[in-house]
Amino acid sequence: MSRVHNFSAGPATLPLSVLEQVQSELLDWRGTGMSVMEMSHRDKPFMSIATEAEADLRELLDVPANYKVLFMQGGATAQFGVIPMNLLRGRDRADFLLTGVWSRKAVMEFRRYGTPHVVAEPADGRYDHVPAADTWSLSDDAAYFHYTPNETIEGVELHDVPEVGTVPLVADFSSSFLSRPIEVERYGLIFAGAQKNLGPAGLTIVIVREDLIGQTHPALPSVFDYKAVADSESMLNTPPCFAWYVSGLVLKWIKAQGGLEAMAARNARKSSLLYDYIDAQSFYRCPVARPDRSWMNVTFTLADAALDTAFLDGAKAAGLPGLKGHRLVGGMRASLYNAMDAAGVQALVDYMREFTRTRG
Ligand code: PLP
């Protein structure tokens, strides 16, 4: 077996020990004589998997008792519509901070349900920094404030929680969930697709404050009604059982690494390794303003874009796939989610150095 250092933005690499455990339990989960894929979600074995995963998630994030943790489907994209249908509660407006493609997509989808108010966006249309908080124009009738803590495509991250007064804060943590501690009590709602830091695609996590749910848009399908999902303990219909199970194993892995403080230290170290190298030479350049650089998605360009293909081909041959930047922004992107270890980042830096020696 040969495993590569996978820098893909998602679905992304999972911890090897988790994959090995999945492999060892694949045909017979703990003496049940069946795979988790084959189990009834209503029977005890799966119920124990589900309950334990939620308990571990609550423990890791220190989720207060007045928040519901929901295991849903449809990805983060479904949430762009599901959130307004649950949280507008008769209002028409929500505030949005625009920092990149994913916050823009959330605004576009919101237009189907209400009138979005953009509190700020980079003036020149270049999503390479977070607009300064003193330039934000908050509206006074917003049902909530939506932002994207980590813009996966541009590699822009807000390292602090926005100060927005009493309006509920809604955060799309899809690409930075569990990468560091989150002060859950400062949010009205947190959501994330699983497929970057948590587990296989197909599972979407929603953590929502109880008092915000229960007044939904009449056309909302009940599988997307947070209150109905919460009341049924995320078992309103067949959940994504296998993704839920693997995510549970990843949560145990995070706990064994020392929890989210340890993840934060590890992720800060990994991203510094790469940013420090990029900043110390002149062939590669990171376009993102230093205070807003992502720990999870490091974007960079080569001095000569004509060498991009050679760079990517060489990287793939060296066991470093997934580095091509998103088609909307070009260049390169190295995604350093939780399961990427420092050795993988060092291998990338070594490859980049060698590439400049021979081709730069
Ligand atoms: N939001 C962010 C920040 C993302 O990175 C992504 C996917 O990469 C999405 C939303 C969309 O997620 P999904 O594919 O689960 O709908």
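Counting convention: from 1, in listed order, for ligands and their atoms alike. Remember, predicted model here, so these are calculated numbers, not experimental data. Because only heavy atoms are used, hydrogens play no part in the values below, and waters and symmetry mates are left out as well, while side chains stay in.
Among protein heavy atoms, atom 7 (C) of ligand 1 sits closest to W102 CZ2, 3.4 Å. Distance from atom 8 (O) of ligand 1 to its nearest protein heavy atom, with residue and atom name: K196 NZ, 2.8 Å. For atom 16 (O) of ligand 1, the closest non-hydrogen atom of the protein is T77 OG1, 2.5 Å. Here the heavy atom of the protein found nearest to atom 12 (O) of ligand 1 is A76 CB, 3.5 Å.
Of the possible polar contacts, one joining the R91 side chain to the A142 backbone as a donor-acceptor pair under 3.5 Å is found. Of the possible polar contacts, none joining the E233 side chain to the T51 backbone as a donor-acceptor pair under 3.5 Å is found. Side-chain atoms of T299 come within 3.5 Å of backbone N or O of E154 as a donor-acceptor pair.
For atom 10 (C) of ligand 1, the choice among D172, L203, T204, N297 with the nearest heavy atom turns out to be D172. Selection from K105, H326, Q195, Q79 by nearest heavy atom to atom 15 (O) of ligand 1 gives Q195.
Close approach of ligand 1 to S174 (heavy-atom distance below 4.0 Å) involves ligand atoms 1 (N), 2 (C), 3 (C), 4 (C), 10 (C). Atoms of ligand 1 lying under 4.0 Å from at least one heavy atom of G75, given by number and element, are 15 (O), 16 (O). Heavy-atom contacts of N150 reach the following atoms of ligand 1: 3 (C) (cutoff under 4.0 Å).
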Would you please test Y245 and E25 for side chain to side chain donor-acceptor pair (under 3.5 Å) and show each step?
-> CA-CA 11 Å; Y245 151 70; E25 299 178 334; 2.6 Å; yes
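When every heavy atom of P287 is checked against every heavy atom of F300, the shortest pair comes out as CD-CA, 4.1 Å. Annotation for P131 and T99: closest pair CD-CG2, 4.1 Å, computed over non-hydrogen atoms.
Shown here is D276, whose CG atom has more than 12 heavy atoms of other residues, nucleotides or ligands within 6.0 Å.
The shortest N or O to N or O distance between T152 and ligand 1 is under 3.5 Å.
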